[in-house]
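The analysis underlying the following values was restricted to heavy atoms, covering all of them including side chains, and did not include hydrogens, waters or symmetry mates. Order of appearance sets the numbers: ligands from 1, and atoms from 1 within every ligand. Residues take their numbers from the sequence shown, with the count starting at 1.
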Amino acid sequence: MKIVALAGGVGGAKLAHGLAQTLPPQDLTVIVNTGDDFEHLGLTICPDLDTVCYTLAGLANSSTGWGRENETWNTITNIEKLGGPNWFRLGDQDFGTHIERTRRLKEGKSLSQITQEFCTAWGIQPTVLPMSDSPVRTIVCTDEGELAFQEYFVHRQCHPRVSGFRFEGAATAQPTHGARTALEAADAIIICPSNPWVSIDPILRVLKEINKPVVAVSPIIGGKTVKGPAAKMYAELGIEPSALAVAEHYQRLLAGFILDNKDKQLSDKFRGKILVTDTLMNSNADRARLARDVLHFIGSIQI
Ligand code: GDP
């Protein structure tokens, strides 16, 4: 079964890793959000792409969910001492990724080509692709004005109250060639348990049309996010945060929806096909088990 997974950073990377443990590598393509990308310290930084790649390569920092395991922080400490910006923490190994990516972009290579080269270097077998090679930038509309995504997310630690989102460049950005080919070949699309507003919506905006069956895994368990601001965003937009709200968010696309056992009392409120299972991924084994459950569900609903 050929699968395309749509992923943001932390939640997306975990299920992508589960799928990578379960599917033959040629059957898995992960299309990753690049709306969080930004230019900082003269470098092009792609947080979600790096989180997915580090996770698939076994290099991710398991406690933070971002960055690399066994990091040192000499470069950012030195930048800080010189009076430079220190609000976006980057480890020394991570800096290497951004320096090398920026150098190759300046040579004229595309982000998807560079990602493929990095995946080869890191021994990642499934295909990982940015959603587009053209820049798309998520802008968060807040009570304190419009904020670039990382300004909102990291610098302001999600404090401003959200009133909406804009995805600059998304209307004209084309999906990468690899993404189009993978979508054509796919038997099903899995929306990973990523933030629907700022990780998945930008991808859907760029892909524009999806003609394949889609299933989504809820990133909201018991009305709360495991990590990050998705539930806060739902609440500030006047929607009660819940797995149901996530299913409604994707409704027009969905062939099936996966929610956590903790939310099973909501089961009779869903209109479509659902799977109720443990969706919290605390270990590699949890990731693989959820991936198997999701694949089995896709098989069972004969899409
Ligand atoms: P970000 O770009 O780094 O914020 O990453 P994502 O958008 O991919 O992931 C954030 C979302 O992942 C949050 O809404 C979390 O609730 C969700 N998430 C993180 N870990 C898990 C997990 O183990 N299970 C589920 N169901 N959701 C998770």
Note: Met281, heavy atoms under 4.0 Å from ligand 1, region reported as both
Carboxylate-amine/guanidinium proximity below 4.0 Å for Asp201 and Arg205
no
Checking heavy atoms under 4.0 Å, the part of Thr51 that sits near ligand 1 is neither
message: When you compare ligand 1 with Leu280, is there at least one nitrogen or oxygen pair between them that comes in under 3.5 angstrom?
response: no
Atom 9 (O) of ligand 1: closest protein heavy atom, distance to 0.1 Å, is Gly11 N, 3.1 Å
**Prompt:** Got a donor-acceptor contact below 3.5 angstrom from the Arg289 side chain to the Asp278 backbone?
**Reply:** yes
Point to revise | Joint hydrophobic cluster, Phe167 plus Met233, side-chain heavy atoms closer than 4.5 Å | key: yes
Lys14 heavy atoms within 4.0 Å reach ligand 1 at atoms 20 (N), 21 (C), 22 (C), 23 (O)
Within-cut-off N or O pair, Gly9 and ligand 1, under 3.5 Å: yes
Backbone N or O of Leu183 within a donor-acceptor pair of the Lys212 side chain at under 3.5 Å? yes
among protein heavy atoms, the one nearest atom 28 (C) of ligand 1 is Val226 CG2, 3.5 Å
Ligand 1 atoms nearer than 4.0 angstrom to some heavy atom of Ala230 are 14 (O)
re atom 24 (N) of ligand 1, the protein heavy-atom contact at minimum distance is Thr279 O, 2.8 Å
Counting heavy atoms under 4.0 Å, the part of Ile221 that contacts ligand 1 is side chain
Among Lys227, Arg287, Lys224, closest by heavy atom to atom 13 (C) of ligand 1 is Lys227
Q) Would you say the side-chain atoms of Thr102 pair up with the backbone N or O of Thr44, donor to acceptor, closer than 3.5 Å? A) yes
Test side-chain contact (heavy atoms from CB on, under 4.5 Å), reference Phe149, set Asp37, Val154, Asp36, Ile139, output is Asp36
Honestly, for Pro219 the part within reach of ligand 1 (heavy atoms, under 4.0 Å) is both
In this structure, atom 8 (O) of ligand 1 is nearest to the protein heavy atom Ser194 OG, 2.6 Å
Atom 26 (N) of ligand 1 has as its nearest protein heavy atom Ser218 O, 2.9 Å
Atom 14 (O) of ligand 1 sits nearest the protein heavy atom Thr225 CG2, 3.3 Å
Under 4.0 Å from one or more heavy atoms of Asp36, ligand 1 contributes atoms 2 (O)
Q.
Taking a cutoff of less than 4.0 Å between a non-hydrogen atom of the residue and any ligand atom, is Asn282 in contact with ligand 1?
A. no
Per-atom filter on ligand 1: closer than 4.0 angstrom to a heavy atom of Gly12 are 8 (O)
Within the distance-only criterion (no hydrogens, no angle test), does the side chain of Thr142 pair as donor or acceptor with the backbone N or O of Glu144 below 3.5 angstrom? yes
Closer than 3.5 angstrom, by distance alone: can the side chain of Lys232 be matched with the main-chain N or O of Cys158 as a donor-acceptor pair? yes
A student comparing Asn195, Ile220, Asn33 should find that the heavy atom closest to atom 10 (C) of ligand 1 comes from Asn195
(Q) Check for me whether the distance between the ring centres of Trp66 and Tyr54 falls short of 6.0 Å. (A) no
Report task. Ignoring hydrogens and angles, tell me if any N or O in the side chain of Asp133 forms a donor-acceptor pair with the backbone of Ser112 under 3.5 Å. Result -> yes
Between Ser163 (side chain only) and Cys141 (backbone N and O only), is there a donor and an acceptor less than 3.5 Å apart?
yes
If we number the atoms of ligand 1 from 1 as shown, the ones under 4.0 Å from a heavy atom of Ser199 are 2 (O), 6 (P), 7 (O)
Taking only non-hydrogen atoms of Gly8 and a 4.0 Å limit, the atoms of ligand 1 in range are 8 (O)
the protein heavy atom lying closest to atom 12 (O) of ligand 1 turns out to be Pro193 O, 2.8 Å
So, Glu100 and Arg103, do they make that salt bridge, N to O below 4.0 Å? yes
Nearest non-hydrogen protein atom to atom 4 (O) of ligand 1, with distance, is Phe153 CZ, 4.0 Å
Sub-3.5 Å N/O-N/O distance, Val10 and ligand 1: yes
Shortest non-hydrogen pair, Cys53 vs Ile124, comes out as O-CD1, 3.2 Å
The answer for which part of Asp48 has a heavy atom under 4.0 Å from ligand 1 is side chain
Which of Asn33, Leu207, Thr34, Asp48 passes side-chain contact (heavy atoms from CB on, under 4.5 Å) with Pro202? It is Asn33
Heavy-atom donor-acceptor pair, Lys14 side chain to Asn282 backbone, under 3.5 Å: no
